[in-house]
Amino acid sequence: MKLFLDSADCEEVRLAAELGVISGVTTNPTLIAREGKDLRETVRTLATLVDGPISAEVVAEDAEGMIEEGRELAAIHPSVVIKLPIGLDGLRATQVLSRRGIKTNVTLVFSIAQALLAARAGATYVSPFVGRLDDLSANGISLVRGIAEVFTLHGISSEIIAASIRSPQDVADAACAGAHVATVPYRVLLQMAAHPLTDLGLARFRRDWKDAFGK
Ligand code: G3P
């Protein structure tokens, strides 16, 4: 399973890219608004930081507007993937953009039926939201598992990006459930690398070494 960073903070992305563990970036209107910087400039910068798919989400509400926005965003850089919300307009835009060879990421997916529609419309990626289902006491990972089972059973090539990730356990569960990608906030990426027993073990190694060799 690949890891993408779910962020529009170019400094976070730069730091994460230095670890050599992320293969792409996803953004959304909320993440872009939080940074307060121009979407196109942000996407252009992200594409220089990470050699992989950069998801940029349209904000138009009708299919025609989504298609126009998608074509403009795709022209920024070959790495750009157009993020479109699941729904009738998003599906119309997905099939038009996909037929033009533009990669698409259908987002805000909360059911297998939505994922299946997105795949049939030609989506390169589908993004089920794990955390937002868990927030409602639903089981987000079971959705990822169900989509993975359906896509495997029917030979569907769209890739599953487990999104709305809240913890390292969500990442592990998404990997076990068959997601192709987990897109993680920078905070979660840092948490993935850490463990209290690792810290304790390292401190003991260093103490024993210093006790024995004095440095
Ligand atoms: O960017 C898509 C998704 O990962 C955002 O999820 O629930 O953290 O806003 P959330």
Side-chain angles (χ1 to χ4, degrees), residues 1-13 16-17 21-37 39-40 42-43 45-47 49-50 52-61 66 69-70 73 79-87 90 93-94 103-112 114-115 118-119 123-145 147-148 158-175 177-192:
M1 185 180 79
K2 293 181 179 178
L3 296 173
F4 289 0
L5 199 73
D6 197 32
S7 176
D9 180 329
C10 292
E11 180 57 16
E12 275 183 0
V13 173
V21 299
I22 62 167
S23 306
V25 179
T26 54
T27 68
N28 65 44
T30 299
L31 294 172
I32 294 288
R34 189 177 298 162
E35 299 303 316
K37 295 176 183 165
L39 170 61
R40 287 152 180 79
T42 298
V43 169
T45 302
L46 293 174
L49 297 172
V50 176
I54 308 291
S55 281
E57 189 161 344
V58 299
V59 292
E61 297 181 13
M66 292 177 184
E69 256 189 82
L73 290 169
S79 297
V80 172
V81 173
I82 304 306
K83 221 177 181 185
L84 300 143
I86 185 64
T94 297
K103 292 188 185 308
T104 53
N105 176 1
V106 175
T107 189
L108 287 168
V109 168
F110 292 99
S111 71
I112 294 174
Q114 287 180 325
T124 313
Y125 302 100
V126 299
S127 290
F129 278 34
V130 174
R132 294 193 193 184
L133 282 169
D134 293 346
D135 293 345
L136 300 179
S137 300
N139 187 324
I141 286 297
S142 66
L143 171 61
V144 174
R145 185 174 300 108
I147 295 170
S158 302
E159 293 196 1
I160 302 161
I161 300 178
S164 188
I165 295 294
R166 300 275 196 270
S167 69
Q169 190 58 51
D170 281 349
V171 179
D173 291 344
H180 300 87
V181 181
T183 191
V184 304
Y186 186 62
R187 167 185 62 80
V188 173
L189 187 69
L190 298 182
Q191 287 174 329
M192 287 173 68

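Ligands are counted one by one from 1 in listed order, and the atoms in each one are counted from 1 as well.
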Can you tell me how far CG of Leu108 sits from CZ of Arg132, rounded to the nearest 0.5 angstrom? 6.0 Å
For Thr183, is at least one N or O under 3.5 Å away from an N or O on ligand 1? no
Does atom CD of Glu61 have more than 12 heavy-atom neighbours from other groups under 6.0 Å away? no
Just need the protein heavy atom nearest to atom 6 (O) of ligand 1, so name the residue and atom and give the distance. Ser164 CA, 3.3 Å
For ligand 1, is there an N or O atom under 3.5 Å from any N or O atom of Asp6? yes
Is there a nitrogen or oxygen of Arg166 sitting under 3.5 Å from a nitrogen or oxygen of ligand 1? yes
Check for a donor-acceptor pair, side chain of Thr124 on one end and backbone N or O of Thr104 on the other, with a separation under 3.5 Å. yes
Please report which non-hydrogen protein atom sits nearest to atom 9 (O) of ligand 1, along with the residue it belongs to and the distance in Å to one decimal place. Arg132 NH2, 2.7 Å
Judging by distance only, is a nitrogen or oxygen of Thr107 under 3.5 angstrom from one on ligand 1? no
Polar side-chain atom of Ser158 near backbone of Ala123 as donor-acceptor pair, under 3.5 Å: yes
Applying the side-chain hydrogen bond (donor to acceptor under 3.5 Å, both in side chains) criterion to Ser55, which one of Asn105, Thr107, Thr26, Asn28 satisfies it? Asn105
Just verifying a value: how many Å separate Ser79 OG and Ile54 CD1, rounded to the nearest 0.5 Å? 6.0 Å
I need the atoms of ligand 1 closer than 4.0 Å to a non-hydrogen atom of Lys83, numbered in the order shown. 1 (O), 2 (C)
